[in-house]
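Worksheet: one structure, shown below.
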Amino acid sequence: MDTTTSADPPSDGWLRFRLSAVRSGVEADVRLRRAGDRWVSVSDSMGRDVTGIGSTARAAIVASLDQLGPVAVMELLADLRLLDVSMWLTEVPAV
(Lines give C-alpha, C1' and ligand atoms only; values in the text may rest on other atoms or scores of the structure.)
Protein backbone atom coordinates (compact mmCIF):
# COMPACT_ATOMS: atom_id res chain seq x y z
CA MET A 1 0.00 0.00 0.00
CA ASP A 2 1.29 3.44 -0.90
CA THR A 3 1.97 5.47 2.24
CA THR A 4 1.12 8.72 0.45
CA THR A 5 -2.44 7.56 -0.22
CA SER A 6 -4.77 8.50 2.59
CA ALA A 7 -7.57 6.15 1.62
CA ASP A 8 -8.54 4.24 -1.46
CA PRO A 9 -12.19 4.26 -2.50
CA PRO A 10 -13.90 0.96 -1.81
CA SER A 11 -13.49 -1.24 -4.86
CA ASP A 12 -14.44 -4.64 -3.44
CA GLY A 13 -16.46 -3.48 -0.46
CA TRP A 14 -13.31 -2.72 1.58
CA LEU A 15 -12.04 0.77 2.33
CA ARG A 16 -8.23 0.56 2.60
CA PHE A 17 -5.95 3.03 4.35
CA ARG A 18 -2.77 3.32 6.38
CA LEU A 19 -2.38 4.95 9.78
CA SER A 20 0.92 6.06 11.29
CA ALA A 21 1.98 6.75 14.86
CA VAL A 22 5.21 8.68 14.46
CA ARG A 23 6.25 8.80 18.12
CA SER A 24 5.52 5.11 18.70
CA GLY A 25 6.99 4.10 15.36
CA VAL A 26 3.90 2.02 14.55
CA GLU A 27 2.04 1.80 11.25
CA ALA A 28 -1.09 -0.12 10.46
CA ASP A 29 -2.66 -1.02 7.13
CA VAL A 30 -6.39 -1.11 7.71
CA ARG A 31 -9.28 -2.58 5.73
CA LEU A 32 -12.78 -1.51 6.75
CA ARG A 33 -16.18 -2.70 5.57
CA ARG A 34 -19.80 -2.59 6.63
CA ALA A 35 -21.49 -5.90 7.43
CA GLY A 36 -25.19 -5.26 7.92
CA ASP A 37 -25.50 -2.95 10.92
CA ARG A 38 -21.92 -3.65 12.08
CA TRP A 39 -18.47 -2.64 10.88
CA VAL A 40 -15.51 -4.98 10.40
CA SER A 41 -11.93 -3.72 10.50
CA VAL A 42 -8.83 -5.78 9.75
CA SER A 43 -5.56 -4.16 10.79
CA ASP A 44 -2.17 -5.41 9.67
CA SER A 45 0.55 -4.12 11.98
CA MET A 46 3.84 -5.55 13.15
CA GLY A 47 3.28 -8.65 11.01
CA ARG A 48 -0.06 -9.49 12.57
CA ASP A 49 -3.61 -9.29 11.17
CA VAL A 50 -6.26 -8.52 13.79
CA THR A 51 -9.99 -8.32 13.13
CA GLY A 52 -12.23 -5.97 15.09
CA ILE A 53 -16.01 -5.65 14.98
CA GLY A 54 -18.03 -2.68 16.20
CA SER A 55 -21.32 -0.86 15.90
CA THR A 56 -19.45 2.11 14.39
CA ALA A 57 -16.52 2.29 12.01
CA ARG A 58 -14.39 3.89 14.74
CA ALA A 59 -15.23 1.14 17.26
CA ALA A 60 -14.24 -1.54 14.74
CA ILE A 61 -10.96 0.24 13.96
CA VAL A 62 -10.13 0.62 17.67
CA ALA A 63 -10.92 -3.07 18.26
CA SER A 64 -8.57 -4.13 15.47
CA LEU A 65 -5.75 -1.88 16.75
CA ASP A 66 -6.19 -2.64 20.46
CA GLN A 67 -3.33 -5.17 20.65
CA LEU A 68 -0.87 -2.34 19.94
CA GLY A 69 -1.54 -0.75 23.33
CA PRO A 70 -3.36 2.42 24.40
CA VAL A 71 -0.59 4.89 23.56
CA ALA A 72 -0.15 3.61 19.99
CA VAL A 73 -3.95 3.43 19.48
CA MET A 74 -4.41 7.03 20.64
CA GLU A 75 -1.63 8.15 18.33
CA LEU A 76 -3.00 6.17 15.36
CA LEU A 77 -6.48 7.63 15.90
CA ALA A 78 -4.98 11.13 15.83
CA ASP A 79 -3.61 10.50 12.31
CA LEU A 80 -5.21 13.16 10.12
CA ARG A 81 -5.66 10.60 7.34
CA LEU A 82 -8.76 9.46 9.24
CA LEU A 83 -10.44 12.65 7.99
CA ASP A 84 -10.18 11.34 4.44
CA VAL A 85 -11.43 7.95 5.59
CA SER A 86 -14.51 9.50 7.18
CA MET A 87 -15.38 11.10 3.83
CA TRP A 88 -15.39 7.66 2.16
CA LEU A 89 -17.55 5.90 4.79
CA THR A 90 -20.78 6.67 2.96
CA GLU A 91 -19.36 4.91 -0.11
CA VAL A 92 -18.82 1.60 1.72
CA PRO A 93 -21.63 -0.74 0.72
CA ALA A 94 -23.25 -2.99 3.33
CA VAL A 95 -22.71 -6.69 2.67
Side-chain angles (χ1 to χ4, degrees):
M1 183 177 296
D2 179 8
T3 59
T4 61
T5 302
S6 298
D8 294 326
S11 59
D12 58 355
W14 290 97
L15 178 63
R16 292 173 165 74
F17 53 96
R18 174 174 280 186
L19 299 174
S20 298
V22 177
R23 288 187 208 147
S24 301
V26 176
E27 291 187 330
D29 290 322
V30 181
R31 292 177 290 156
L32 181 67
R33 81 180 306 163
R34 188 185 315 232
D37 62 348
R38 298 279 184 206
W39 288 86
V40 177
S41 174
V42 180
S43 297
D44 177 6
S45 182
M46 302 174 76
R48 192 170 164 208
D49 279 350
V50 176
T51 301
I53 300 171
S55 58
T56 65
R58 183 180 179 91
I61 293 167
V62 169
S64 71
L65 295 171
D66 197 47
Q67 89 285 352
L68 299 173
V71 173
V73 171
M74 270 190 354
E75 217 179 321
L76 290 167
L77 292 176
D79 189 326
L80 293 178
R81 287 180 262 197
L82 277 176
L83 295 173
D84 288 335
V85 171
S86 66
M87 290 175 35
W88 284 109
L89 289 181
T90 59
E91 301 295 321
V92 178
V95 292

Pairwise distance CZ(Arg18) to CD(Glu27) - rounded to 0.5 angstrom = 4.5 Å

Heavy-atom closest pair, residues Arg34 and Leu89 = NH2-O, 3.5 Å

Path from Met87 to Leu19 over hydrophobic side-chain contacts below 4.5 Å = no

Flag side-chain contact, heavy atom, 4.5 Å: Trp14 against Val42 | yes

Are Val50 and Val85 grouped together when hydrophobic residues (ILVMFWY) are joined by side-chain heavy atoms under 4.5 angstrom apart?
-> no

Can you tell me how far CG of Asp44 sits from CZ of Arg31, rounded to the nearest 0.5 angstrom?
-> 8.0 Å

Quick one: which residue pairs count as a side-chain hydrogen bond (donor to acceptor under 3.5 Å, both in side chains) with a foot in residues 47-59, not counting sequence neighbours?
-> none

Say whether Met46 and Phe17 are linked into one hydrophobic cluster, either directly or through other cluster members, by side-chain heavy-atom distances under 4.5 angstrom.
-> yes

Over all heavy atoms of both residues, which pair between Ser24 and Glu75 is shortest? Give the atoms and the distance, please.
-> OG-OE1, 2.7 Å

Counting only pairs under 3.5 Å, give me each side-chain donor-acceptor contact of residues 59-69, with atom names and distances, residues two or more places apart or in other chains.
residue	atom	partner	partner atom	Å
Ser64	OG	Ser41	OG	2.9
Ser64	OG	Ser43	OG	2.5
Ser64	OG	Ile61	O	2.9

